[in-house]
**Q** 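Sharing a structure with you now.
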Amino acid sequence: MNKLLIATNNKGKVKELQDLLKDTGIELVTPADINLNLEVEENGTTYDENAAKKAIAFAHASGLVSLADDSGLEVDALDGAPGLYSARYHPKSGANDADRRAYMIENLKGKPRPWTAHFHATIAVAEPEKDAQIVEGNCYGEIIPEERGTGGFGYDPIFLFPDLNQTMAELSMEEKNRLSHRALAVMNAIPVLQKIFQP
Ligand code: ITT
């Protein structure tokens, strides 16, 4: 019971979470490490519900304490869309991250700038056969109409930190992991993990 399962199938999240949790002293494992192939249906109506559902399902399937992340990008000029549906924000099935970024910019065309937005992350931590504990983090910026940078994943190339004049994809992972919604949520998750893993 001294291992923590990073309960996500998103490779970008796996890398960031491994880096964010590396100094906790907790042994981290991924679904691939334990040959766990689990797709959880994200049919909740809130980030909390979906994050808890994922953490509980992975903990049940693996017998390990599991940490899941449900996140999204909320764009003010789109009335908070795509939000909870960020991973599926495209009319065509089979669309990829680049298609979704282009679709977002298409939908924003003609709307006055700045296109203010924030990323949200809810993290759920579940012990096997127990309820999940929930924490969250947000980070604020704006959407820009041209892609910049090659780091990160998802909407990072079009999410600008105006104060830095850098997109999330122009930051190194260390920098993103100081500023991001996920970094803030992990900071809030660490006391929860320490309590579970304390000797
Ligand atoms: P898991 O459910 O397996 O964790 P997922 O990608 O389906 O993977 P979500 O349902 O939480 O995860 O969807 C979150 C989406 O929000 C993600 O696919 C991206 O499109 C976007 N997103 C979240 N965090 C992001 C980040 O740090 N940078 C860029 N885009 C992000």
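All residue numbers in this chain count up from 1 along the given sequence. When a ligand or atom number is given, it counts from 1 through the structure's own listing order.
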**Q** Within ligand 1, which atoms have a heavy atom of Asp70 less than 4.0 Å away?
**A**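 The atoms of ligand 1 under 4.0 Å from a heavy atom of Asp70 are 9 (P), 10 (O), 11 (O).
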**Q** In the protein, which heavy atom is nearest to atom 23 (C) of ligand 1, and how far is it?
**A**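 That would be Ser71 OG, 3.2 Å.
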**Q** Determine whether Met187 and Ile196 fall in the same hydrophobic cluster, where Ile, Leu, Val, Met, Phe, Trp and Tyr are linked whenever their side-chain heavy atoms lie under 4.5 Å apart.
**A**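 Each belongs to a different hydrophobic cluster.
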**Q** Using a strict threshold of under 4.0 Å (side-chain N to carboxylate O), is an ion pair present between Lys176 and Glu16?
**A**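 Yes, charged N to carboxylate O under 4.0 Å.
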**Q** Closer than 4.0 angstrom, basic N to acidic O: yes or no for Asp69 and Arg182?
**A**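 Yes, this pair counts.
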**Q** Side chain or backbone of Tyr89 under 4.0 Å from ligand 1, or both, or neither, by non-hydrogen atoms?
**A**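 Within the 4.0 Å criterion, Tyr89 makes no contact with ligand 1.
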**Q** Check contact between His181 and ligand 1, using heavy atoms of the residue and a distance below 4.0 angstrom.
**A**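 True for this residue.
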**Q** Could you find the nearest protein heavy atom to atom 6 (O) of ligand 1 and give me its residue, atom name and distance?
**A**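 Of the protein heavy atoms, Asn10 ND2, 2.9 Å lies nearest.
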**Q** When you measure from the heavy atoms of Lys176 to every atom of ligand 1, does any distance fall below 4.0 Å?
**A**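 In this structure, Lys176 qualifies as a contact of ligand 1 - some heavy atom is under 4.0 Å.
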**Q** Could you tell me whether ligand 1 has any atom less than 4.0 Å away from a heavy atom of Leu73?
**A**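 Distance cut 4.0 Å: Leu73 fails for ligand 1.
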**Q** For ligand 1, is there an N or O atom under 3.5 Å from any N or O atom of Lys54?
**A**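 Yes, there is a polar N/O contact under 3.5 Å.
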**Q** Are Ile56 and Ile134 grouped together when hydrophobic residues (ILVMFWY) are joined by side-chain heavy atoms under 4.5 angstrom apart?
**A**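 Cluster IDs for Ile56 and Ile134 differ.
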**Q** Taking all non-hydrogen atoms of both residues into account, name the closest pair between Arg148 and Asn165 and its distance.
**A**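 Shortest heavy-atom separation between Arg148 and Asn165 comes out as NH2-O, 2.8 Å.
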**Q** Classify the ring geometry between Phe119 and His181 as parallel (under 30°), tilted (30 to 60°) or perpendicular (over 60°).
**A**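 Parallel, since the angle between the ring planes stays under 30°.
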**Q** Identify the protein heavy atom lying closest to atom 1 (P) of ligand 1, giving its residue, its atom name and the separation to 0.1 Å.
**A**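 I find the closest protein heavy atom is Thr8 OG1, 3.4 Å.
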**Q** With atom 29 (C) of ligand 1 as the reference point, say which of Tyr85, Phe159, Phe153 has the nearest heavy atom.
**A**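 Ranked by closest heavy atom to atom 29 (C) of ligand 1, first place is Phe153.
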**Q** Among side-chain atoms of Asn107 and Tyr89, is any donor-acceptor pair under 3.5 angstrom?
**A**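 Per modelled atom types, Asn107 and Tyr89 side chains form a pair under 3.5 Å.
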**Q** Who's the nearest protein heavy-atom neighbour of atom 30 (N) of ligand 1, and how far?
**A**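 So the nearest neighbour among protein heavy atoms is Tyr155 N, 3.2 Å.
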**Q** Looking just at side-chain N and O atoms, do Glu129 and His60 make a donor-acceptor pair shorter than 3.5 Å?
**A**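 There is such a pair (donor and acceptor under 3.5 Å, judged by atom type) between the side chains of Glu129 and His60.
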**Q** Taking Asp156 for its side chain and Phe153 for its backbone only, find out whether a donor-acceptor pair lies under 3.5 Å.
**A**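 At least one qualifying donor-acceptor pair exists.
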**Q** What is the nearest protein non-hydrogen atom to atom 28 (N) of ligand 1, stated with its residue, atom name and distance?
**A**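 In this structure, atom 28 (N) of ligand 1 has Asp156 OD1, 2.6 Å as its nearest protein heavy atom.
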**Q** Going by the order shown, which atoms of ligand 1 are within less than 4.0 Å of some heavy atom of Asp69?
**A**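 In order of numbering, the contacting atoms are 4 (O), 11 (O).
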**Q** Give a yes/no verdict on whether any heavy atom in Gly72 is under 4.0 Å from an atom of ligand 1.
**A**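 Per 4.0 Å heavy-atom rule, Gly72 contacts ligand 1.
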**Q** If I take atom CE from residue Met168 and atom CG from residue Leu160, how far apart are they, to the nearest 0.5 angstrom?
**A**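 Going from the CE atom of Met168 to the CG atom of Leu160 covers 11.0 Å.
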**Q** Taking Lys54 as the fixed residue, which of Asp70, Asn9, Thr8, Leu67 is the one that meets the side-chain contact (heavy atoms from CB on, under 4.5 Å) rule?
**A**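 For Lys54, the side-chain contact (heavy atoms from CB on, under 4.5 Å) test succeeds with only one of Asp70, Asn9, Thr8, Leu67, which is Asp70.
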**Q** For atom 12 (O) of ligand 1, what is the nearest protein heavy atom, given as residue, atom name and distance?
**A**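 Of every protein heavy atom, Lys13 NZ, 2.8 Å lies nearest to atom 12 (O) of ligand 1.
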**Q** Number the atoms of ligand 1 from 1 as they appear, then name those within less than 4.0 Å of a heavy atom of Gly154, with their elements.
**A**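 Those atoms are 29 (C), 30 (N).
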**Q** Distance check, rounded to the nearest 0.5 Å: Leu28 atom CG versus Leu5 atom CG?
**A**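 Going from the CG atom of Leu28 to the CG atom of Leu5 covers 10.0 Å.
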**Q** In the protein, what heavy atom is nearest to atom 3 (O) of ligand 1, and what distance, to one decimal place, separates them?
**A**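 Result for atom 3 (O) of ligand 1: Asn9 N, 2.9 Å.
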**Q** Measuring from atom 10 (O) of ligand 1, which candidate in Arg100, Glu42, Met168 has the nearest non-hydrogen atom?
**A**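 Of the listed residues, Glu42 has the closest heavy atom.
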**Q** For atom 24 (N) of ligand 1, grab the closest protein heavy atom and report residue, atom and distance to one decimal in Å.
**A**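 The answer is Arg182 NH2, 2.9 Å.
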